Amino acid sequence: MAKKPKQIFSCTQCGYQSPKWLGKCPDCNQWNTLVEEQAVVAGGHSRALAAPGKAQKFSEINSREEDRLRCGIGELDRVLGGGVVPGSLILIGGDPGIGKSTLLLQAVNRLSRNGKALYVTAEESARQVKLRGERLGVSADNLYLLAETSLEQVRARIKELQPDFLVIDSIQTIFTDSVESAPGSVSQVRECTGQLMMLAKGEGLPTFLVGHVTKDGAIAGPRVLEHMVDTVLYFEGDPGHPYRILRAVKNRFGSTNEIGVFEMSEAGLREVSNPSELFLAERPEQSAGSAVVPALEGSRPILVELQALVSGSSFGTPQRTAIGIDHKRVALLVAILEKKVELMLAGQDIFLNVAGGVRLDEPAVDLAAIAALASSHLNRVIDAQTVIFGEVGLTGEVRAVSQPELRVTEAARLGFTRCILPKGSLKNIKPPKGMKLVGIRHASELMELIFN
Ligand code: TYD
Ligand code: MG
C-alpha cells in the first residue's frame, strides 16, 4: 500500500513546524501564520556539501582577503564586509517595491566585469528587466538574463553557462519538483535555498537571493531562511522618501553593524557616501525640539537629527509615539526627565522621531533624546552648533560610550563647534580644531548648557 504523504503545518513567518494546526505560532507568537504543507521527502538537499575530501590542516586552508570580489558599489561592499566572498549565499530581504531588483541589477552589472553573471528573473520578463536595465545604464556584455521559475531548469542553464555570479529574483517565486507544495511555501523556499546553497558552496558560485518581506498569508518570508544563508541584508526605507538603508543582520564574513545608504533616483540607486550631510540637510535650525546626535553605525559615525514634540494631551491617557528609536527606551527617558530633571511630562502627548528614516539602536543617543524632549517641552531652541551624545542611566547619570573621538571628529567636519558628552568619555580625546568639548556627569546639567 502506498504510504500517505505526511502533512505538516509550517509558520510562514519564522518556519516553525508543527504536526497539527495552531492558531498562534508558539515560536514567533504571530497569529494565523501556520499553513498546511507536505513534509519534504527524503533526498532533497541531503547530499554532501562538496565532493568527499580529506580533512585539511587549518594552517593550509586558503583564506586570502583578496579573494573577495568588489561590486564597485561602495555602500554595498561595506555592508558585505568588503566585497562578495566566493561561494557565499547572500539573502537580500525587503518590502516589495523597495528596490531590491534595482540594487542587484546594478551590482551584477559591475560584477560582470569580473566574469559571467546570470540574473534569473522569476517575477518579471527578460524584456521588463532589460527596459529597467537600460534606464539604469546597464551595459555589461557578460550579463545573462533568464526568465525561469523552475529550479531544475535554472540548474541546467547554470551547467551550460558556467556563470561566476548568480542572482535569483525572487526565492519565493522559484520552485523545485522535489517538493510537492506550492511555490512560496515554507518547504519550497527552504528546499530551493538548500539546493542553491549546495550549488554555491560546491561550485564556489556567489549567489544573491531576493526575498520579499511578507506581512501574512501563505508566502514564506525571508526570516525562514536566515539560518541557512551566509549573509542576510535587509533593504529598508519609507517608499515615500527617496532614501534607502541597507543593513546586515547576519554576516558570516563581516560585521553586522555596517549600514549602506542609497538614494532612489530616476536613474536607479545612487550611493550616499556622506549620509550626515544628507540627514541634516533639512534641519530646522531655529525650532524647539530638534537635537543633533553623532550616532555610530558600524564603523562609521553619522550625524542625525532627533525631533521631539511634547504637547498637552486632550485625552486621559497621553500618547507616546517613537519612530526610529525603541519606544521602551523613550518611556524610560521620559521617566528620568520627570524624576531626575524635574520636568513634568505627565499628561503630555510625546512624539519622538529620528529624521531621515534611520533607526538608532545604541544607548549613546539617550542624552540627545532627553535634550530634544526638554527643548520641545520648554519651547526653547537648542544651540544650532551643538551636538550631544551619551548614555543615560536610571539615576540620571551620564555614562561613557564607545568611540567618542570618531563622533566628535565627524561633528567637527560638518562645522559644529560644541559637543556635550559624558565626562567619562573626555579622557584620551584631543578636541579637533574649532570644537569645544563639554563633559557632564548628570542629565540635569544639560539644561543649563544647551539653550542659548
Ligand atoms: P524594484 O527594484 O523593482 O523593487 P523590488 O525588487 O524590491 O520589489 O524597485 C521598484 C521601485 O523603484 C519602483 O517603485 C520604482 C522605483 N525606481 C526608481 O525610482 N528609479 C529607477 O531607476 C528604478 C529602476 C526604480
Ligand atoms: Mg523585484
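By convention here, the first residue in the shown sequence is residue 1. As the structure lists them, so they are numbered: ligands from 1, and atoms in each ligand from 1. Since we're looking at a predicted model, the values are computed, not measured.
Not a single donor-acceptor pair under 3.5 Å links the side chain of W21 to the backbone N or O of E36. Looking at R407, its side chain does come within 3.5 Å of a backbone N or O of S402 through a donor-acceptor pair.
Nearest-heavy-atom check against atom 25 (C) of ligand 1 across L136, T102, L104, L269 picks out T102. Considering R270, E266, M264 only, the shortest heavy-atom separation from atom 18 (C) of ligand 1 involves M264. Distances from atom 1 (P) of ligand 1 to the heavy atoms of R244, H212, R132, E263 show the closest one on R132. The option from G99, S101, P96 that lies nearest to atom 6 (O) of ligand 1, judged by heavy atoms, is S101.
From the protein, the heavy atom lying nearest to atom 20 (N) of ligand 1 is S265 O, 2.7 Å. Scanning the protein for heavy atoms near atom 11 (C) of ligand 1, the closest one is G97 O, 3.4 Å.
Heavy-atom proximity to G268, at under 4.0 Å, picks out these atoms of ligand 1: 21 (C), 22 (O). Those atoms of ligand 1 with a heavy atom of A267 less than 4.0 angstrom away are 22 (O).
Within 6.0 Å of the NZ atom in K130, the count of heavy atoms belonging to other residues, nucleotides or ligands does not exceed 12. Around CG of N29, the count of heavy atoms belonging to other residues, nucleotides or ligands within 6.0 Å exceeds 12. More than 12 heavy atoms of other residues, nucleotides or ligands shown are found within 6.0 angstrom of CZ on R329.
In summary, R300 and E297 do not engage in a salt bridge, as defined by a charged side-chain N under 4.0 Å from a carboxylate O. Comment: R413 engages E410 in a salt bridge, judged by a side-chain N to carboxylate O separation of less than 4.0 angstrom.
Look at T102 and the Mg ion (ligand 2): no N/O/S atom of the residue is under 2.8 Å from the metal.
Using a 4.0 angstrom heavy-atom cutoff, S170 does not count as in contact with ligand 1.
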